[in-house]
Amino acid sequence: MQKLLHNLNPEQLAAVTLPAQHALILAGAGSGKTRVLTTRIAWLIQTQQVSAAGLLAVTFTNKAAKEMLTRLSAMLPINTRGMWIGTFHGLCNRLLRTHHRDAALPQTFQILDSQDQLSVIKRLLKANNIDDEKFPPKTVMYFINNAKDQGLRADKVDAYDANERKLVELYQMYDEQCQREGVVDFAELLLRTYELLSRNQPLREHYQARFRHILVDEFQDTNNLQYNWLKLLAGHGSRDGGALFAVGDDDQSIYAFRGANVGNMSSFEREFQVKNLIKLEQNYRSHGHILDSANMLIANNSKRLGKNLRTDAGHGEPVRVYEASSDLQEAQWIIEESKSLIAEGASRSEIAVLYRSNAQSRVIEHALFSAGIPYHVYGGQRYFQRAEVKHLIAYLQLMDNPHNDSAFLRVVNFPTRGIGVRSIEQLQAAAEQYGISLYAAVPYVAGKAGSSLAGFVKLVEGVRFETQQLPLPEMVRVVLEASTLLQHYQNEKEGADRIENLEQMVSAATQFISEEGFGQGAPAYLGPQAQAQSGAAVALGDGVEVLDADAPLAAVMSPLSAFLSHASLEAGDNQAQAGQEALQMMTVHSAKGLEFDNVFITGLEEGLFPHESSSKEDGGVEEERRLMYVAITRARQRLYLSFAQTRMLHGQTRYNMKSRFFDELPEESLKWLSPKVQANWFGNKKSAWDMAPMSSAGSDNAIAQKIAHASGPGWRIGESVSHGKFGEGVIVNIEGGGGNARAQINFGQYGMKVLDLSIAKLERLGR
DNA sequence: AAACAACGCATTTTT
DNA sequence: TGCGTTGTTT
């Protein structure tokens, strides 16, 4: 135990060894949050305060869950398999599989990813002749997910106008459709579990009694449904609930746009009467100047629980700030700085380039490519999302649950087998008429269409029969052949990558089997009937069956069902491959939780970061500031901040002011670098424009011409000016000439103004 | 059924 | 500007 707790600082130690009571841990960036969480689990088990089965730990991402399991295995000589550690969705999946009857779901229910969900909605809108101009599928999806995230079914959603009533109606129809198909979306996993436990008292009490300790990671990211889910499981309001241990950082709350509610932190404190509140403020990551910058910036936010990071490391290097004349030049500068970092011995994978939005990566990528520096961009398409992989998965889905219409439509004519739109329309009409799935409706379609559809059904049935005794990887292999997917891509000219991805499915299945305990020595899958009679299930009063605590997933679902869940819940890594010697590029959002020796935060301009659309939402700018806080705290040793006077965005040149965040950083921690070649609007031929590596692209020339034409005697486009009332601004355009000249000026947070140049008192800024 | 043109749209993202 | 979606042509 000494070993377990050694090297913890006093706050960490206090958090780890708290009594079995509710607790809120405010864990600053780089304060050892994951360490506290995992050590607490290990400590609870080792001191025998709880068994491994009496504990539940929940995270948002699979990566975080895996990390926790890995660290735990290193701390304790226990088998972590079978422990209730996972994502909200993963744990819900497990509960719903175990209690599928009580949850009114088929045992082989399947999970829709966002793509699938959208296609269900599109189909629904089409089938009901709904104008998708008036009800865009994306809007409908947002409406439905939002309602579910609030814990509301269609009959509980308030509708104030005809439009909303229609949305509610669509929500209702969507849920019915999913129920018919035996599919659930992500939000449904949570809502269904929540409803199951609310409704079913014996079940609820069983789990409440079981989970003595519930631990939550990234608590600031929970939405209302997740918070209520936790309240329910922790037995809030009942005599004998478990202890809820929540770890989070309100300053790193950057997901309000997807329903996260930071307010859950204070609600938790109040509703659970939390007496144990511990702040982890000792930072083990960043040097002083970086931390000072982060602290001073975030102090500008009003709604905070209050926390200040400190470090024992020295001040370190100052934060370097660079003003570029253009986005191209900014990219060029990043390359120069990276080169010298690498020359000084920095590993490429320890250099991260962060940006607010993905559109900004293009220019930088181009420059990196030209310079021959290997790089990796996060956030591309994930393995299980690729079209060819989803096709193969659709065949597997049909074998496990033929009523999944999305899967059916995806592959009924892919590869093409002469089943055209007319056949599908006939089939859809029949399915509609009898209220059944497309698959079940096949026998009701007559004629040529009917026989080709029957051929498809025969194919699926045939493969299902043929493979039912085979191990999963072999099953995948057979489906790969029988579906003729491989053949199809072999005939395609650019199909080599796709074939490789398809082949990889066999190894993905192999790996899944071995990692998830479906391999040799795994408990045999019992099947729906056998489960109840076997030792895996214990009878609980009133005939409710509750699977035994340690019943692994392998006992409640077939390898195929499990693999399909896995494919939906874990779309595959788009996180960095560790050890890959490449410079890391990503949005600030995806950088959360990561750290690097050297970090560039780019595009620090008003309108971009903070993003312009954030100023419209209340609390938007504060969230942007938290985002900046997250970005800054990613850096261990060196931090670079940059902005550009001119930026090409959506095919238009934009003149932005530098971000307001610069004014919120400690001047003494910053070191302003002067551009190697300053942009020069006054005719200097050796300007940065000409030095830019890609100036032949044409855009620079176009800008240069525009400047030349618009140049009046006094003011020029792109020039920085100062105004008595609006402060600093950048001239974006000049209309008219002589005494009538008016300038359109971007005053950043004060907006765009058009000023008469003969009236407005402008001052030239010597930038 | 595939190839091509036209259109509109463009924060941030995990499950 | 550049991509993904939709409609049109061959």
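Per chain, numbering begins at 1; letters A, B, ... match sequence-line order.
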Using the six-membered ring wherever Trp is involved, compare the ring planes of A:F512 and A:H566 and label them parallel, tilted or perpendicular (cut-offs 30° and 60°). tilted
A:Y355 has an atom OH; how far is it from atom C1' of B:dT13, in whole Å? 14 Å
Residue of the set A:R654, A:Q645, A:R647 for which side chain to side chain donor-acceptor pair (under 3.5 Å) holds with A:E605: A:R647
Criterion side chain to side chain donor-acceptor pair (under 3.5 Å) against A:S565, the qualifying member of A:R97, A:Q110, A:E516: A:R97
Result of checking A:N223, A:N224, A:N145 against A:Q150 for side chain to side chain donor-acceptor pair (under 3.5 Å): A:N224
For the pair made of CZ in A:R192 and C1' in B:dT15, what is the distance, rounded to whole Å? 17 Å
With respect to the phosphate group of B:dT15, does any side-chain polar atom (N or O) of A:R258 fall under 4.0 Å of OP1 or OP2? no
Per the O4'-C1'-N9-C4 / O4'-C1'-N1-C2 angle with a 90° window around 0, B:dT12 comes out anti
Contact string for nucleotides 4-12 of chain B, one letter per nucleotide 5' to 3', B = base within protein heavy-atom range under 4.0 Å, S = sugar-phosphate only, - = neither, reads ------BBB
Atom-pair distance (CD on A:Q360; P on C:dT1), nearest Å: 18 Å
Could you check whether A:N62 gets within reach of a base, just the sugar-phosphate, or nothing at all, counting any heavy atom under 4.0 Å? sugar-phosphate
Verify the ring-centre separation between A:H391 and A:Y489: is it less than 6.0 angstrom? no
Phosphate OP1/OP2 of B:dA1 contacted by A:N413 side-chain N/O (<4.0 Å): yes
Rounded to the nearest Å, what distance is computed from the CG atom of residue A:L189 to the P atom of nucleotide B:dT14? 17 Å
B:dT12 versus C:dT5 - spacing of their P atoms, nearest Å: 16 Å
Short question: side chain of A:E330, backbone of A:T602 - any donor-acceptor pair under 3.5 Å? no
How long is the line joining CE of A:M586 and P of B:dT14, in whole Å? 12 Å
Do any side-chain nitrogens or oxygens of A:R362 fall under 4.0 Å of OP1 or OP2 in C:dC3? yes
Judged by nearest nucleotide, the residue sitting upstream toward the 5' end of DNA chain B, A:S568 or A:T416, is A:T416
For A:Y227 and A:N261, indicate whether the former's side chain and the latter's backbone hold a donor-acceptor pair under 3.5 Å. no
